[in-house]
Number of protein chains: 2
Amino acid sequence: MAHHEISVATIQRLPLYLDYLKSVEKDIEFISATTIAFSLGLGEVQVRKDLASVSSSGKPKIGYNIHELISQLEDALGYHHVNNAIIVGAGKLGCALLGYEGFCRSGLEILAAFDSDQTKAGQYESGKPIYTVDALPDFCRDKEVRIGIITVPGEHAQKVCDLLVEAGILAIWNFAPVRLDIPKNIIVKNENMASSLAVLSTSLAKKLREA
Amino acid sequence: MAHHEISVATIQRLPLYLDYLKSVEKDIEFISATTIAFSLGLGEVQVRKDLASVSSSGKPKIGYNIHELISQLEDALGYHHVNNAIIVGAGKLGCALLGYEGFCRSGLEILAAFDSDQTKAGQYESGKPIYTVDALPDFCRDKEVRIGIITVPGEHAQKVCDLLVEAGILAIWNFAPVRLDIPKNIIVKNENMASSLAVLSTSLAKKLREA
């Protein structure tokens, strides 16, 4: 399948299908798009389109072989390739991500966290070591780290970003509430909590105006 | 302005404009869409369209009065109305959100966290009290809490969601990696870290295939 043509909206729903299919995998062999749509509260047309982007093996009246579909979803999501990652910023958010249950099956392997606070160095969080930032460049090159996760305060994020790029990282997942100035060949995903909140609070404001 | 017609993509960018404008507010009185676009690394056409959705006061050759534009952005984002919120799940992610710096100016007032772990009750995190879940319904009604933030493990999320709806909450911000079964009149924003990661890792997989 031509995975690179899948839309971002579809990609974001693929982990939902995967989680659901894994939860019922033990009990059934075939599953229909209708059942999946109903169970996840999604539209049937959307589910059919989403699944068609990763699999062409669904059969009329029978549905999808569930093990095959799981494997195809994992393949589309790149879960069969393990991506080594590190976190910079071992504060509350960094430590929350170190222990986040949802990453376990996703092919993201967070190897360690780095922090400028010397007193955190040598500690472990959710079983992962914390090092000082000085150790970052050598660590990234030795372990072929591809993903850098930034969870430092906004004012330090650009400096950390530059350090990660310098250390050969290919993709950055940025949780600091700032825009990063970053080379065009590096993949970046900004996770701005204030932007997410904005969607919620404007919907709420509209609802309250209409009430 | 007809705020309810603004697209979700635009709404998600509004906090970026606001942060930037506040950072330069002291130094200048007028600012052009061109300057804003350049500083944030966004397209000029996009910035003009986004700002047009919240303000009609930009003038050719002069630009926007910066204080006026800040106020219009805050108004569109509902920041002038304070929304009382609570967090359920005082684990690492819940505590990270309690202390998240980006919410301070956003009109989201997180009053307290609730947890099923009795030993956490009575403690404070980032200055906010933690209570047991039993105290949630009365607290929500007394304080007119409108937003519930769910940061419990996936298997407990639906139970917590039901409790919040029962307690009169209007909007739910869900960080648990599951779909919630929720009445249609309640606003819900799912924050699935695995979905965000999927966008990053599929881009990376594509990049590596092409390399």
Side-chain angles (χ1 to χ4, degrees), chain A residues 3-4 6 8 11-16 19-20 40-41 76-79 81 83 91-103 106-108 126 146-147 153-154 170-171 173 177-179 181 187 189 191-210, chain B residues 3-4 6 8 11-16 19-20 40-41 76-79 81 83 91-103 106-108 126 146-147 153-154 170-171 173 177-179 181 187 189 191-210:
Chain A
H3 294 147
H4 49 283
I6 308 177
V8 169
I11 289 170
Q12 291 184 313
R13 282 188 293 270
L14 298 186
L16 303 177
D19 281 349
Y20 169 68
L40 292 173
L77 284 164
Y79 287 6
H81 307 272
N83 285 312
K92 284 176 199 148
L93 182 59
C95 292
L97 290 173
L98 275 178
Y100 189 68
E101 56 174 326
F103 298 148
S106 68
L108 183 82
S126 300
R146 286 165 172 170
I147 298 179
L170 299 178
W173 199 7
V178 291
R179 282 270 138 175
D181 183 13
I187 297 160
K189 173 100 177 76
E191 210 67 52
N192 190 326
M193 294 294 161
S195 291
S196 285
L197 174 62
V199 176
L200 194 74
S201 54
T202 51
S203 304
L204 185 57
K206 185 189 163 207
K207 191 187 174 89
L208 293 171
R209 269 197 303 270
E210 287 168 353
Chain B
H3 294 146
H4 50 281
I6 309 178
V8 169
I11 288 170
Q12 289 184 315
R13 283 189 293 271
L14 298 185
L16 303 177
D19 281 349
Y20 169 68
L40 292 173
L77 285 163
Y79 287 7
H81 306 272
N83 284 313
K92 284 176 199 146
L93 182 59
C95 291
L97 290 173
L98 275 178
Y100 189 67
E101 56 174 327
F103 297 149
S106 68
L108 184 81
S126 300
R146 287 166 171 169
I147 298 179
L170 299 177
W173 199 5
V178 291
R179 282 269 138 175
D181 182 15
I187 296 161
K189 173 98 179 76
E191 210 66 52
N192 191 325
M193 294 292 161
S195 292
S196 285
L197 175 63
V199 176
L200 194 75
S201 55
T202 50
S203 304
L204 185 57
K206 186 189 163 207
K207 190 188 175 89
L208 294 170
R209 269 198 303 272
E210 287 169 352

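In what follows, chains are A, B, ... by sequence order, proteins preceding strands, each numbered from 1.
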Quiz item: Which one of B/Leu77, B/Val178, B/Leu14 has the most heavy-atom pairs closer than 4.5 Å to chain A?
Solution: B/Leu77
Quiz item: Could you state the interatomic distance from CG (B/Leu197) to CD (A/Glu191), rounded to the nearest 0.5 Å?
Solution: 9.5 Å
Exercise. Could you tell me which portion of A/Ile147 (side chain, backbone, both or neither) has an atom closer than 4.5 angstrom to a non-hydrogen atom of chain B?
Key: side chain
Practice problem: Answer yes or no: is there a side-chain heavy-atom contact under 4.5 Å between A/Asn83 and B/Leu204? | Solution: yes
Quiz prompt | Contacts of type side chain to side chain contact (heavy atoms under 4.5 Å, CB included), residue A/Val199, not counting sequence neighbours | solution = B/Val8, B/Ile11, B/Gln12, B/Lys189
Exercise. Please list, chain by chain and in numerical order, all residues satisfying side chain to side chain donor-acceptor pair (under 3.5 Å) with B/Arg179, sequence neighbours excluded.
Key: none
Quiz item: What's the shortest heavy-atom distance between B/Cys95 and A/Lys92, and which atoms?
Solution: O-CD, 3.6 Å
Quiz prompt | Distance, nearest 0.5 Å, that separates CG of B/Leu170 from OG of A/Ser203 | solution = 12.0 Å
Exercise. Sort A/Leu16 into side chain, backbone, both or neither according to what part of it lies under 4.5 angstrom from a heavy atom of chain B.
Key: side chain
